[in-house]
Colleague: 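One structure, as structure tokens, below. Some questions next.
Chain identifiers are assigned alphabetically (A, B, ...) following the order of the sequence lines, protein sequences preceding nucleic acid strands; residue numbering begins at 1 within each chain.
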There are 2 protein chains.
Amino acid sequence: MGKGGQPRVLLVEDEPAQRTVLAYNLEAEGFAVTQADNGEDAMVLVDEEEPDIIILDWMMPKVSGIEVCRRLKMRPDTRGIPIIMLSARAEEVDRIRGLETGADDYVVKPYSVLELMARARAQLRRVRPSTAGVVLEHEDIRLDPESHRVYRADKVLKLGPTEFKLLVTLMERPGRVFSREQLLDLVWGRDIYVDTRTVDVHVGRLRKSLMQHGGSDPVRTVRGAGYSLG
Amino acid sequence: MGKGGQPRVLLVEDEPAQRTVLAYNLEAEGFAVTQADNGEDAMVLVDEEEPDIIILDWMMPKVSGIEVCRRLKMRPDTRGIPIIMLSARAEEVDRIRGLETGADDYVVKPYSVLELMARARAQLRRVRPSTAGVVLEHEDIRLDPESHRVYRADKVLKLGPTEFKLLVTLMERPGRVFSREQLLDLVWGRDIYVDTRTVDVHVGRLRKSLMQHGGSDPVRTVRGAGYSLG
DNA sequence: AGCCTATGCGACGATTGTGTAACAGTCGAA
DNA sequence: TTCGACTGTTACACAATCGTCGCATAGGCT
């Protein structure tokens, strides 16, 4: 996942009608969709877009789906990306071969769109090992991602969802200065159109939340550059 | 159990990417993990490490998972170790054969990591009834999985099946925030397609049931994230 | 100093997430 | 069969939170 927002899916399907329907539904479900209609483009887009998951048609001109799958599963940097293969019923015999090639799941046409979504989400959940278990600490601030709780000097703080994500981001690299654009990317999500000034406001809110029981301001403003923790 | 409280798990999976993700998560969940990428090593490590539980991939080079399972269940000294088999969807037909071979549970890929953890804990609890863990407790709520009964302040509560499963899930990790998707996975099951809002409704019902004799609301809503106990 | 830009902050409607009641469908027991 | 318990979905209301604006203030230049 881009860190913050929509999961990115690369949809590779040569049949335009099917691709469009699928893309529409995926977007309605909150995915950021990149489309390709052949295997060659797909290989390029994998590098450019760094998708979180790939939905791949089996039969395609030029480079077939299974070939794309095989190549991606051989590269160490792309191996981790889950791949869901789509296949027409007639090709069902090749099912085993598909999974052997490294596909993570397999959906036979005609499929239920709901089912495909559910499987896509399942894959994302499987691969993304949540930041669980790691308690972030900085000075007297303690953040537990698992329980979604933030403490300062052993007092529980109350923060909104965006403030929480913002704090997680800052605490993952204390001292590092994040530009407003970077924060928008990391906290809000990649392609979301929001004024960069909004970051200021939320930093302000985060500050207030962090100091709700007293204490000094742990957030540093770097004029002309951005913000950092400490 | 291992000496220091951590349950030891032997993880046998030949695909490095999957093994790594799983190991990471298991360790984050408090397991002591030993890894093997083939059946032969697995057999040796069973003796050397004396794991409390084994997670075993079905398909593997050399000695297959099912073969490892069969051998271990024949030896009197290893028969008692619970084995959870992992299998790709295409091999689902072999399910019966897997359980016949003696596997104690069976998880189909793609699985939710959370679910796998939950099942592993369930197996450990089953094998080790003497150890505290049979009866789940949190504050004044007591849940006895054996008798399927829930008490609060020594009064018996009446809950429906789904409410019960939901409460079990939450009580297995008090404080941890579960997203609606995770709860759907853990309580309803992975290939059931149900609206996430349904979770809200059942949480509401659980709340009412838990407070039917008075008392405060033990379920915490984490806006934008999910629910947790306490 | 004066000027210009970047930032802090309060206030405002708009949006989103959640709680809950109501409803219809399913299932099993009597 | 009829009954009752339970389910998943929907609709509505309310509250939390959001993004933007306006203006005040602070910082960095010449």
Colleague: Rounded to whole angstroms, how far apart are CG on Asp217(A) and P on dC9(C)?
Modeller: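 Whole-Å distance recorded here is 8 Å.
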
Colleague: Looking at every strand, decide which applies to Gly224(B) at a 4.0 Å heavy-atom threshold: base, sugar-phosphate, or nothing.
Modeller: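 Result for Gly224(B) = sugar-phosphate.
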
Colleague: Do you see a donor-acceptor pair shorter than 3.5 Å between the side chains of Arg149(A) and Ser228(B)?
Modeller: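 Absent: no donor and acceptor within the cut-off.
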
Colleague: What nucleic acid atoms does Val219(A) come within less than 4.0 Å of, heavy atoms only: base, sugar-phosphate, or nothing?
Modeller: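 If one applies the 4.0 Å heavy-atom cut-off, Val219(A) turns out to touch nothing in the nucleic acid.
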
Colleague: Return the 5'-most residue of the pair Arg223(A), Val201(A) with respect to DNA chain C, ranking by each residue's nearest nucleotide.
Modeller: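 So the residue in question is Arg223(A).
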
Colleague: Please state whether the phosphate of dG17(C), meaning OP1 or OP2, lies under 4.0 angstrom from any side-chain nitrogen or oxygen of Thr221(B).
Modeller: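 No, no such contact exists.
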
Colleague: Please report the C-alpha distance between Val199(B) and Tyr227(B) in whole Å, then the side-chain angles of each, then the deciding distance to 0.1 Å, and finally whether the side chain to side chain contact (heavy atoms under 4.5 Å, CB included) criterion is met.
Modeller: CA-CA 10 Å; Val199(B) 177; Tyr227(B) 300 95; 4.3 Å; yes

Colleague: When all nucleic acid strands are considered with a 4.0 Å heavy-atom cut-off, which category describes Phe164(A): base, sugar-phosphate, or nothing?
Modeller: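 Nothing: the residue Phe164(A), judged by heavy atoms under 4.0 Å, touches no strand.
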
Colleague: Before you tell me yes or no, could you show the steps for Asp200(B) and Arg180(B) under side chain to side chain contact (heavy atoms under 4.5 Å, CB included), namely the whole-Å CA-CA distance, both residues' side-chain angles and the distance that decides it to 0.1 Å?
Modeller: CA-CA 8 Å; Asp200(B) 295 24; Arg180(B) 290 168 174 71; 2.7 Å; yes

Colleague: Heavy atoms from C-beta onward define the side chain here; which of dG19(D), dG8(C), dT9(D) lies closest to that of Tyr227(A)?
Modeller: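 That would be dG8(C).
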
Colleague: At under 4.0 Å, does any side-chain N or O of Thr198(B) touch on OP1 or OP2 of dT9(D)?
Modeller: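 Yes, within the criterion.
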
Colleague: Decide yes or no, distance alone: a donor-acceptor N/O pair under 3.5 angstrom between the base of dG19(C) and the side-chain of Arg197(B).
Modeller: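 Answer yes: a donor N or O sits under 3.5 Å from an acceptor.
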
Colleague: Select base, sugar-phosphate, or nothing to describe what Val199(A) touches, counting heavy atoms under 4.0 Å on all strands.
Modeller: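 It contacts nothing in the nucleic acid.
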
Colleague: Starting at the 5' end of DNA chain D and moving along, which residue's nearest nucleotide shows up first, Pro161(A) or Gly160(B)?
Modeller: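 Upstream on the strand: Gly160(B).
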
Colleague: Nearest nucleotide by nearest heavy atom, which residue falls closer to the 5' end of DNA chain D, Thr196(A) or Leu159(B)?
Modeller: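 The residue closer to the strand's 5' end, by nearest nucleotide, is Leu159(B).
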
Colleague: Can you find a donor-acceptor N/O pair under 3.5 angstrom joining the side chain of Arg205(A) to the base of dT17(D)?
Modeller: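 No, no donor-acceptor pair under 3.5 Å.
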
Colleague: Does a sphere of radius 6.0 Å around CG in Asp217(B) hold more than 12 heavy atoms from other residues, nucleotides or ligands, not counting ones at 6.0 Å or beyond?
Modeller: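 Yes.
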
